[in-house]
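Quick one: the structure is below, and I'll ask about it shortly.
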Amino acid sequence: MSNQDAASKGLDPATASGSISLKAQAVDKDRMLSIVFEIAKTLATEQDLEAIVTRVLSSIIEIAGVADAGIVLLYDSSDGWLKVEAAQGYDLSILKQVRLASGESMIGKVFQTGQAELYSTPEAVVAAMANMTPSNHEIFRKATIGLGQPLSAVCIPLTVDQTRIGVLVLENLCQSTKFTSTDLDFLQGVADLIALSITNCRLREERQSAQVLSEANRLKAELISTLAHEMRTPLTSIRGYSTALLMEEATFSPEVQREFLQIIDEEGQVRFFL
């Protein structure tokens, strides 16, 4: 409401301006609470890591009102690459091919430093992506074809107990509004929730894997025990006859030797081939 409009309605311009500001703040708080609520619902209902990350990313983009697209990349300690786990607004099947090094592009830089970054103009985004390798640049180009250059973007590290596990990227492709420092502060808190949920999911998967391995080892031990029991008699027989044949102080006729060898052969065939 302009000062002139406020005066025409008998309102003090300063009061009217303050009222609009408070309403805007209320809308922002509602929007932020909605995002947190959606994340909480996802964490309560989903168990799969990719499903969790995808739904959380979708909720942020849908409710935040600034981002049109987003990506979550996770660090793979086995090979040292940042890899795309989820994406909204882009072709995920293509982005899955990305292998970003620490320090590479705005994503790798944020992962390396552990500090969230705001890129408020298209020029700032381009400059931050300048050191991306040609292969990764081509993958991003194919995945974002027809979407245009981001007008602004934020990159936020995903960190748990000072250990960086990935990066959250949100980009504004066509909206008139831009990311602000206020958005950055709030989204850092959201990123912390995402990082915790990812870590919890990984721990759950590790526990399940450990249980599966333990059961497999139990079954293997049980199988070996069963085989040992089943083979005890023939092995005793085979060992007895073979030991007798190897005794230097005993001499057996060719007929007896052949009989012993035939018994060993028959015992082996019965137990191992039937």
Side-chain angles (χ1 to χ4, degrees), residues 21-75 82-90 100 102 105-121 124-125 128 150-173 175 177-205:
S21 177
L22 288 174
K23 287 181 179 178
Q25 291 178 16
V27 170
D28 285 342
K29 287 183 178 179
D30 287 343
R31 178 167 54 88
M32 293 174 181
L33 286 173
S34 296
I35 292 174
V36 173
F37 178 69
E38 287 301 319
I39 292 175
K41 282 202 304 183
T42 298
L43 301 184
T45 57
E46 290 287 355
Q47 299 293 319
D48 178 69
L49 175 58
E50 186 171 346
I52 287 174
V53 177
T54 300
R55 281 191 58 182
V56 168
L57 184 58
S58 178
S59 297
I60 295 172
I61 293 172
E62 182 179 351
I63 301 170
V66 180
D68 302 299
I71 310 170
V72 171
L73 300 95
L74 299 181
Y75 179 69
L82 282 162
K83 301 176 182 178
V84 175
E85 180 68 23
Q88 291 289 313
Y90 297 132
L100 279 172
S102 177
S105 79
M106 61 184 185
I107 298 168
K109 177 185 176 183
V110 164
F111 179 78
Q112 185 179 62
T113 63
Q115 298 296 318
E117 294 288 346
L118 168 63
Y119 306 94
S120 57
T121 66
V125 175
L151 303 176
S152 62
V154 291
C155 284
I156 305 159
L158 301 174
T159 306
V160 177
D161 294 334
Q162 298 184 337
T163 299
R164 294 184 287 278
I165 65 171
V167 178
L168 166 66
V169 183
L170 295 173
E171 295 182 330
N172 173 8
L173 302 175
Q175 298 188 47
T177 54
K178 294 184 178 182
F179 291 104
T180 66
S181 57
T182 301
D183 293 319
L184 198 63
D185 292 338
F186 170 68
L187 291 171
Q188 181 62 73
V190 170
D192 292 342
L193 286 176
I194 296 174
L196 283 172
S197 67
I198 290 171
T199 300
N200 288 337
C201 189
R202 284 176 168 174
L203 289 173
R204 183 166 57 248
E205 290 176 352

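Computed from a predicted model, the values in this text were never measured in an experiment.
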Query - Nearest non-hydrogen partners of G114 and P157, listed with the distance - result: O-CG, 3.4 Å

Query raised in the report: How far does CD1 of I107 sit from CD of E117, to the nearest 0.5 angstrom?
Result: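 Reported to 0.5 Å precision, the distance equals 13.0 Å.
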
Query - L82 CG to I71 CD1 distance, which is reported to the nearest 0.5 Å - result: 11.5 Å

Query raised in the report: Once you round to the nearest 0.5 Å, how far does NZ of K83 lie from CG of L100?
Result: 11.5 Å

**Report entry** Shortest non-hydrogen contact from Y119 toward V125
**Finding:** CB-CG2, 3.8 Å

Query - Side-chain touch T54/Q88, heavy atoms, less than 4.5 angstrom - result: yes

Requested in this report: Test side-chain hydrogen bond (donor to acceptor under 3.5 Å, both in side chains) on T182 and D185 and set out the steps.
Outcome: CA-CA 5 Å; T182 301; D185 292 338; 5.7 Å; no

Query - Audit row: M106, V167, side-chain contact (heavy atoms from CB on, under 4.5 Å) steps and yes/no - result: CA-CA 10 Å; M106 61 184 185; V167 178; over 6 Å; no

Query raised in the report: Heavy atoms, side chains only, cut-off 4.5 Å: are V72 and V56 in contact?
Result: no

Requested in this report: Scan T199, I198, I194 and name whichever one has a side-chain contact (heavy atoms from CB on, under 4.5 Å) with V160.
Outcome: T199

Report task. Mind checking the CG-CD1 spacing from L73 to I165? Nearest 0.5 Å is all I need. Result ->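 Taking CG in L73 and CD1 in I165, the distance rounds to 12.0 Å.
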
Requested in this report: Any chance you could measure L151, atom CG, to K178, atom NZ, to the nearest 0.5 Å?
Outcome: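 So the CG of L151 and the NZ of K178 are separated by 7.0 Å.
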
Requested in this report: Could you pull out the closest heavy-atom pair between A67 and F179, with the gap in Å?
Outcome: CB-CZ, 3.8 Å

Report task. Could you walk me through whether L158 and L74 pass side-chain contact (heavy atoms from CB on, under 4.5 Å), step by step? Result -> CA-CA 8 Å; L158 301 174; L74 299 181; 4.1 Å; yes

Query raised in the report: What closest approach, in Å, do A86 and V53 show between heavy atoms, and which atom pair accounts for it?
Result: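 The pair with the smallest heavy-atom distance is CB-CG1, 3.5 Å.
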
Report task. Drop me the distance from F111's CZ to S105's OG, to the nearest 0.5 angstrom. Result -> 12.5 Å

Requested in this report: Please lay out, stage by stage, how Y90 and L173 fare under the test side-chain contact (heavy atoms from CB on, under 4.5 Å).
Outcome: CA-CA 11 Å; Y90 297 132; L173 302 175; 3.7 Å; yes

Requested in this report: With the side chain counted from C-beta on, respond yes when L170 and L57 share a heavy-atom pair under 4.5 Å apart, and no when they do not.
Outcome: yes

Query - Flag side-chain contact, heavy atom, 4.5 Å: S102 against Y75 - result: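 S102 vs Y75: side chains apart.
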
